[in-house]
Colleague: 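I'd like to ask you about the structure that follows.
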Protein chains: 2
Amino acid sequence: MTAQEILIIDDEPQIRKLLQITLESNGYIVRLASTSKEGLLMAANHPPAMILLDLGLPDVSGHELLKQLREWYTRPIIILSVLSHEEDIIRALDNGANDYLTKPFRTGELLARIRSSLRKENAPENNPLIEAGDLQIDLVARTLKRNGELLKLTATEYNLIALFARNEGKVLTHQFILKEIWGVGFQSETQYLRVFVAQLRKKIESDPNHPKHIVTESGVGYRFC
Amino acid sequence: MTAQEILIIDDEPQIRKLLQITLESNGYIVRLASTSKEGLLMAANHPPAMILLDLGLPDVSGHELLKQLREWYTRPIIILSVLSHEEDIIRALDNGANDYLTKPFRTGELLARIRSSLRKENAPENNPLIEAGDLQIDLVARTLKRNGELLKLTATEYNLIALFARNEGKVLTHQFILKEIWGVGFQSETQYLRVFVAQLRKKIESDPNHPKHIVTESGVGYRFC
DNA sequence: GAACACTTTATAAATTCTTTATATAAGCTG
DNA sequence: CAGCTTATATAAAGAATTTATAAAGTGTTC
């Protein structure tokens, strides 16, 4: 198994150092950020396998940063905090944190919780792959394979197939799809959708004239199978 | 959302009682086991949505039970223990526990951790079905199945069967149906309705000449059964 | 400026809805 | 119950709408 990257967002230099030494000596690659802004940027530019986040940051509160991260970051986030207040734990977990450790923490426990969180991530039952017939969609890697072969999709094409895949079997109205992919204000641009559905079908259907995956529901929208 | 079952495996009666009261008052269905053997059997016979497991059980150690459970049980397991020893936490997490709480625990934190663990499990939620004999109507997915097989309906046909399904057993007048499906101003277009009822019957009735689902109430309207 | 992705236009094809025609069934009246 | 009237069922033609696809235009990136 290749080494995994962990991003640490903490403003206390001695904690950062301690974490870095502990984690690196256990085979992880460590990247460090000391402010919310810096942490968010590093996470966005090069998403790590998991994030250790301190709740008591100087610029933006850790709770706020957690919310922002969770808008797109799906891998584990473990919260670190000197606060042992119950409310903080609850709030962080409800906002999508995977786990919580109060400082000072025991390094053994820290490592165990990191292993546990990463294992879940890689466990087969948490597989981010959505399969539909000969198609496999990896929502994390943003890739689409057909019979194991990688298909080249544009950003919009991928967004569209991912939306379909997340709503398998459900009829999605034109308006809903347009709102989700292009945003509010595009709900009447049905032709955009027709063009992209045709392009997708050309790529994923064995017989684009008789589509099996993207079925049109005339007058309503489309359904993915 | 339907209530979720949580299996508690703990030998201390007062803890079992406390957990039961706390969880039931928060909308969960609680099932209790006081020994490893009993817990394993209950989990196997009717797998719960998650398991709360005490490490200090009398017959087999909680660690051993955790291992046995993890051979097949993939849903969340949260460990409870009076032992605050670091080694126990590490061992349990490494053996596949999802989370860990030391007694005495705060109920707010317990509930937050339960919600956090269950959230992932419940991501793809199943839709409520309206069933009528061999028909299943999924109002969310906008689909109609007959004996599990998807039927192809036009938008108006689907709107009509959905209206019927939402008013099962009730006689709907021509005027009411026309108003609901075509809108005000179409209340006198009874012929539209006849055409579409005939089309629907052709698709959903095993003998369209003697309809069982869409029954005509002569002079009044139709009734769906 | 070449490559690429998205937007827009044009047109053919497919599907669905409306209307007409006709057959069948049910109900009423003398 | 025959004969008349009204209500319903269904097929099929015609009209309207919706969809598919190619291709041209526009803008962006390297």
Side-chain angles (χ1 to χ4, degrees), chain A residues 142 144 151-164 171-224, chain B residues 142 144 151-164 171-224:
Chain A
R142 284 180 71 89
L144 169 66
L151 296 182
K152 187 164 161 43
L153 297 183
T154 71
T156 311
E157 286 167 2
Y158 175 79
N159 290 339
L160 191 53
I161 192 82
L163 180 64
F164 277 133
V171 176
L172 303 181
T173 65
H174 298 130
Q175 294 202 348
F176 174 79
I177 301 171
L178 286 162
K179 193 186 81 208
E180 290 293 312
I181 306 293
W182 281 268
V184 286
F186 288 75
Q187 273 104 327
S188 54
E189 303 285 356
T190 329
Q191 186 54 23
Y192 287 16
L193 189 48
R194 299 221 173 86
V195 171
F196 277 87
V197 164
Q199 282 170 359
L200 265 182
R201 279 178 176 156
K202 225 171 358 182
K203 294 186 181 181
I204 67 173
E205 301 279 1
S206 40
D207 179 6
N209 285 73
H210 303 89
K212 290 277 171 292
H213 287 302
I214 303 180
V215 181
T216 104
E217 296 284 336
S218 196
V220 185
Y222 295 91
R223 183 160 42 84
F224 183 72
Chain B
R142 222 188 139 85
L144 168 67
L151 297 182
K152 186 162 164 45
L153 298 183
T154 71
T156 312
E157 287 167 1
Y158 174 80
N159 290 340
L160 190 53
I161 192 82
L163 179 64
F164 278 132
V171 178
L172 303 180
T173 65
H174 298 132
Q175 293 203 349
F176 174 79
I177 300 171
L178 286 161
K179 194 186 82 207
E180 289 294 312
I181 306 294
W182 280 267
V184 286
F186 288 75
Q187 273 103 328
S188 54
E189 303 285 357
T190 329
Q191 185 53 21
Y192 286 16
L193 189 48
R194 298 218 174 88
V195 171
F196 276 88
V197 165
Q199 282 170 359
L200 265 183
R201 280 178 176 156
K202 214 161 26 170
K203 293 185 181 181
I204 68 173
E205 302 279 2
S206 40
D207 179 5
N209 285 72
H210 302 89
K212 290 276 171 293
H213 287 301
I214 303 179
V215 182
T216 101
E217 297 284 335
S218 196
V220 185
Y222 295 92
R223 183 211 309 269
F224 182 72

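Both backbone and side-chain heavy atoms feed into the values below; hydrogens, waters and symmetry mates do not. Here the structure is a predicted model, which is why all the values come from computation and not from measurement. Chain letters run A, B, ... following the sequence lines, proteins first and then strands; every chain starts at 1.
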Colleague: Tabulate atom names and distances for all N/O pairs under 3.5 angstrom spanning the protein and nucleotides 27-30 of chain D.
Modeller:
none

Colleague: Looking only at non-hydrogen atoms, find the nearest pair between B/Tyr158 and B/Leu153 and report the distance.
Modeller: CA-CD1, 4.0 Å
Colleague: For the atom pair CZ (B/Phe186) and CD1 (B/Ile177), what is the distance rounded to the nearest 0.5 Å?
Modeller: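 Rounded to the nearest 0.5 Å, the CZ-CD1 separation comes out at 15.5 Å.
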Colleague: Answer yes or no: is there a donor N or O on one side and an acceptor on the other, between the side chain of B/Gln191 and the main chain of B/Glu189, under 3.5 Å?
Modeller: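 It does not hold such a pair.
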Colleague: With rounding to the nearest 0.5 angstrom, report the CG to NZ distance, B/Leu172 to B/Lys179.
Modeller: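 Result: 11.0 Å between the selected atoms.
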Colleague: Could you list by number each residue of residues 201-222 of chain B showing a heavy-atom separation from DNA chain C of less than 4.0 Å, or answer none if no residue does?
Modeller: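 Contacts with DNA chain C under 4.0 Å: none.
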Colleague: Quick one, which residues of residues 177-189 of chain B touch DNA chain D with a heavy atom under 4.0 Å?
Modeller: none
Colleague: Report the distance from atom CG of B/Leu163 to atom CD1 of B/Ile181, rounding to the nearest 0.5 Å.
Modeller: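 Atom-to-atom, B/Leu163:CG and B/Ile181:CD1 are 4.5 Å apart.
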Colleague: How far apart are the closest heavy atoms of A/Ser218 and B/Ala155, and which atoms are they?
Modeller: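 In this case the closest contact between A/Ser218 and B/Ala155 is O-CB, 3.9 Å.
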Colleague: Rounded to the nearest 0.5 Å, what separates atom CZ in B/Arg142 from atom CG in B/Asn159?
Modeller: 5.0 Å
Colleague: Return the residues of residues 191-199 of chain B meeting this criterion: a heavy atom under 4.0 Å from some atom of DNA chain D. Order them by number, or give none.
Modeller: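 Result for residues 191-199 of chain B: B/Gln191, B/Arg194, B/Val195, B/Ala198, sorted by number.
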Colleague: Indicate the ring-plane relationship of B/Phe224 and B/Phe164, choosing parallel, tilted or perpendicular according to the 30° and 60° boundaries.
Modeller: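 Taking B/Phe164 first and then B/Phe224, their aromatic rings lie parallel (interplane angle under 30°).
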Colleague: Going 5' to 3' along DNA chain C, which are the first and last nucleotides with any atom under 4.0 Å from a heavy atom of chain B?
Modeller: C/dT16 to C/dA21
Colleague: Give every donor-acceptor pair under 3.5 Å between a side-chain atom in residues 194-209 of chain B and any protein atom, sequence neighbours left out.
Modeller:
unit_1	atom_1	unit_2	atom_2	d
B/Arg201	NE	B/Ile214	O	3.2
B/Arg201	NH2	B/Ile214	O	2.8
B/Lys203	NZ	B/Lys152	O	2.9
B/Lys203	NZ	B/Glu157	OE1	2.7
B/Glu205	OE1	B/Lys212	N	2.8
B/Glu205	OE1	B/His213	N	3.3
B/Glu205	OE2	B/Lys212	N	3.4
B/Glu205	OE2	B/His213	N	2.8
B/Glu205	OE2	B/Ile214	N	3.0
B/Asp207	OD1	B/Asn209	N	3.2
B/Asp207	OD2	B/His210	ND1	2.9

Colleague: Quick one: is D/dT18 close enough that its OP1 or OP2 comes under 4.0 Å of any side-chain N or O from A/His174?
Modeller: no
Colleague: Side chains of B/Leu160 and B/Leu193: closer than 4.5 Å at any heavy-atom pair?
Modeller: yes
Colleague: Is there side-chain contact between A/Gln187 and A/Trp182, with heavy atoms separated by less than 4.5 Å?
Modeller: no
Colleague: Within the structure shown, what part of the strands sits under 4.0 Å from B/Thr190 by heavy-atom distance: base, sugar-phosphate, or nothing?
Modeller: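 If one applies the 4.0 Å heavy-atom cut-off, B/Thr190 turns out to touch nothing in the nucleic acid.
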